[in-house]
2 protein chains.
Amino acid sequence: MTRQQTKDRILDAAEKLYAEYGFAETSTRAITHAAGVNLAAVNYHFGSKEGLFRDLVARRFDPINAERIARLDALEALGEPSLEQVLEALVAPILALRLNDPRGAGLLVQITGRLTSPKQTHTDELGEIFRKTSERFMAALRRCIPELGEREQLWRLNCTIGVMIGTMLDPHGFLQKEADSDELHFEREVLADIIAFLAAGLRAPSRNTSQETRHG
Amino acid sequence: MTRQQTKDRILDAAEKLYAEYGFAETSTRAITHAAGVNLAAVNYHFGSKEGLFRDLVARRFDPINAERIARLDALEALGEPSLEQVLEALVAPILALRLNDPRGAGLLVQITGRLTSPKQTHTDELGEIFRKTSERFMAALRRCIPELGEREQLWRLNCTIGVMIGTMLDPHGFLQKEADSDELHFEREVLADIIAFLAAGLRAPSRNTSQETRHG
DNA sequence: GTCTATAAACGGATAGAC
DNA sequence: GTCTATCCGTTTATAGAC
């Protein structure tokens, strides 16, 4: 077995186990057993359990974030993109991964939904992986809702992140494809749903102009 | 020290540690040390580490869910409530807890945002605590958007849950109160923001009527 | 009820043979 | 590069004294 094959088998096994049981609840022993490799291989190839996690997340999210930024670059080269266009650049790449490989890569996407707490163990590694993408899209989205104050803009972006986390976690299994469904059509429908929901929420009138109209 | 005092000190200490470090990363030793009680007290009073967690969640969420249902009962007794009214009954109780006791109870609210995965360890316990409330509000919200198909209704409720998780987690610390802010005013503003965002998203036109209009 | 002491198992990591 | 064997700290849980 080559070096890369061993690494890939470990990464694949760890991805499934982390998604199913969580990071702390998954032992190195369980990973190497599931991968069919020796216990010492994790430390040999990744240095530590933490190193394995870092490589695991980077393997999946570096390509996604690169595609997101490339899409945003292409949009901004043509002028000021619409809110829907920015949202599509943000959501489409990760939704495609989530839908098209639910047993492998898609599981990893689920994991990250649980790793957003301020003092969580892996915040530093994750922060570095997402920092550049996060800054670019925060700025682009804020330019799409200039009529709101900064506080309201940021709060609504927080809600947007929540929707994305909810999509990734998919606690009710809505994203399970039916056997006979047209995959590409299904993906487009879900994408359109998410964008419609987020665009409407982000464009909702400011509380400064409609605060007292929300009852009945 | 009385029986109840010991239990409360353990619950308070566990709540803070779970919120900060997560469940698996927090040892019984750390909890009993922080609580100033003996190591054996956790197993004596709660049976196991799992039993402690169950009691911990129930202590905070049973009152919240009771208030949510009481609010919904009161609304439905008067007729068919508006979407905004149902959302307020759902969000206001938990937001109040999240804001008014950020160091104690509010932290527990953060924890649950990480415990929504299908096969997560505590899904059964959490599911039982939230099941009744979830069913009531799912039905009430769906009656507010009858023009959508069932699939779209459920998907948008999934997005709604995502926003609530994002609010509870508050990864950017937006909910940290400034020292000089008017607490009640701040809470009303945040509540109005969340409701406005969710109501707009839930009411967004169906993809059946506007699917191809989303590009700039 | 509370405590000390300890059981029994599991964790990540590594040394050294091959 | 891969493997076996092992180190050593930590974990939950419990038995039994007080």
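If you're wondering where the values come from, they're calculated on a predicted model, not measured in any experiment. Quick note on labels: first sequence line is chain A, next is B, and so on, each numbered from 1. Only this structure's heavy atoms are used, side chains among them; waters, hydrogens and symmetry mates stay out.
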TODO: Please report, rounded to the nearest Å, how far the P atom of C:dG12 is from the CG atom of A:L17.
DONE: 12 Å

Open item on the list: In whole Å, I'd like the distance from the OH atom of B:Y44 to the P atom of C:dG1.
Closed with: 5 Å

TODO: Specify whether A:F197 and B:F197 have parallel, tilted or perpendicular ring planes, treating 30° as the upper limit for parallel and 60° as the lower limit for perpendicular.
DONE: perpendicular

Task: Between C1' of C:dG12 and CZ of A:R29, the distance in whole Å - done: 8 Å

Open item on the list: Whether B:E76 and B:R143 form a salt bridge (side-chain N of Lys/Arg under 4.0 Å from carboxylate O of Asp/Glu) is what I want to check.
Closed with: yes

- [ ] Find the distance between CG (A:L148) and CG (A:L202) and round it off to the nearest 0.5 Å.
- [x] 8.5 Å

- [ ] Counting heavy atoms from C-beta on, name the nucleotide in C:dG12, D:dA13, C:dT2 closest to the side chain of B:H45.
- [x] C:dT2

- [ ] Please report the C-alpha distance between B:R142 and B:E152 in whole Å, then the side-chain angles of each, then the deciding distance to 0.1 Å, and finally whether the salt bridge (Lys or Arg N to Asp or Glu O under 4.0 Å) criterion is met.
- [x] CA-CA 10 Å; B:R142 288 181 62 186; B:E152 256 180 322; over 6 Å; no

Task: For DNA chain D, the residues among residues 4-12 of chain A that have a non-hydrogen atom under 4.0 Å from it - done: A:T6

TODO: Could you tell me which residues satisfy side-chain hydrogen bond (donor to acceptor under 3.5 Å, both in side chains) with B:D12, sequence neighbours excluded, listed by chain and number?
DONE: B:R59

TODO: Could you tell me whether the phosphate oxygens of D:dT10, OP1 or OP2, come under 4.0 Å of any side-chain nitrogen or oxygen in B:S27?
DONE: no

Task: Per A:R3 side chain, nearest of listed nucleotides D:dG1, C:dG12, C:dT2 - done: D:dG1

TODO: Starting at atom CZ of B:F46, determine the distance to atom C1' of C:dG1, rounded to an integer number of angstrom.
DONE: 14 Å

Every protein N/O lying under 3.5 Å from an N/O of nucleotides 16-18 of chain C:
none

TODO: Find the distance between CZ (A:F137) and CD1 (A:I161) and round it off to the nearest 0.5 Å.
DONE: 12.0 Å

- [ ] Measure the distance from CD1 on A:I31 to P on C:dC10 and round it to the nearest whole Å.
- [x] 17 Å

Task: Flag side-chain contact, heavy atom, 4.5 Å: B:L90 against B:M164 - done: yes

- [ ] Salt-bridge test for B:E189 and A:R151: reply yes if a basic N is under 4.0 Å from a carboxylate O, no otherwise.
- [x] no

TODO: Under 3.5 Å for both distances, Watson-Crick or G-U wobble, that's the pair rule; now give the dot-bracket for DNA chain C, with | marking pairs to another strand and [ ] for crossing ones.
DONE: ||||||||||.|||||||

Task: Pairing of B:E135 and B:R131 as salt bridge, 4.0 angstrom limit - done: yes

Open item on the list: How long is the straight-line distance from CG of B:D193 back to CG of A:N158, given to the nearest 0.5 Å?
Closed with: 11.0 Å

Between the protein and nucleotides 3-5 of chain C, list the N/O to N/O atom pairs that are separated by less than 3.5 angstrom.
from  : atom 1 : to    : atom 2 : distance (Å)
C:dC3 : OP2    : B:N38 : N      : 3.4
C:dT4 : OP2    : B:N38 : ND2    : 3.0

Task: Note: B:E67-B:R71 ion pair, threshold 4.0 Å (strictly below) - done: yes

TODO: Return the value, rounded to whole Å, for the distance between atom CZ of A:F23 and atom P of C:dG12.
DONE: 8 Å

Task: Partners meeting side-chain contact (heavy atoms from CB on, under 4.5 Å) with B:I69 (sequence neighbours left out) - done: B:D73, B:K132, B:T133, B:R136

Open item on the list: Closer than 4.0 angstrom, basic N to acidic O: yes or no for A:E187 and A:R98?
Closed with: no

TODO: Determine the contact category for B:T32: base if any of its heavy atoms lies under 4.0 Å from a base atom, sugar-phosphate if only primed atoms, P, OP1 or OP2 are that close, otherwise nothing.
DONE: nothing

Open item on the list: Under 6.0 Å from the ring centre and within 45 degrees of the ring axis: does the NZ or CZ of B:K49 meet both conditions for the six-membered ring of B:F23?
Closed with: yes

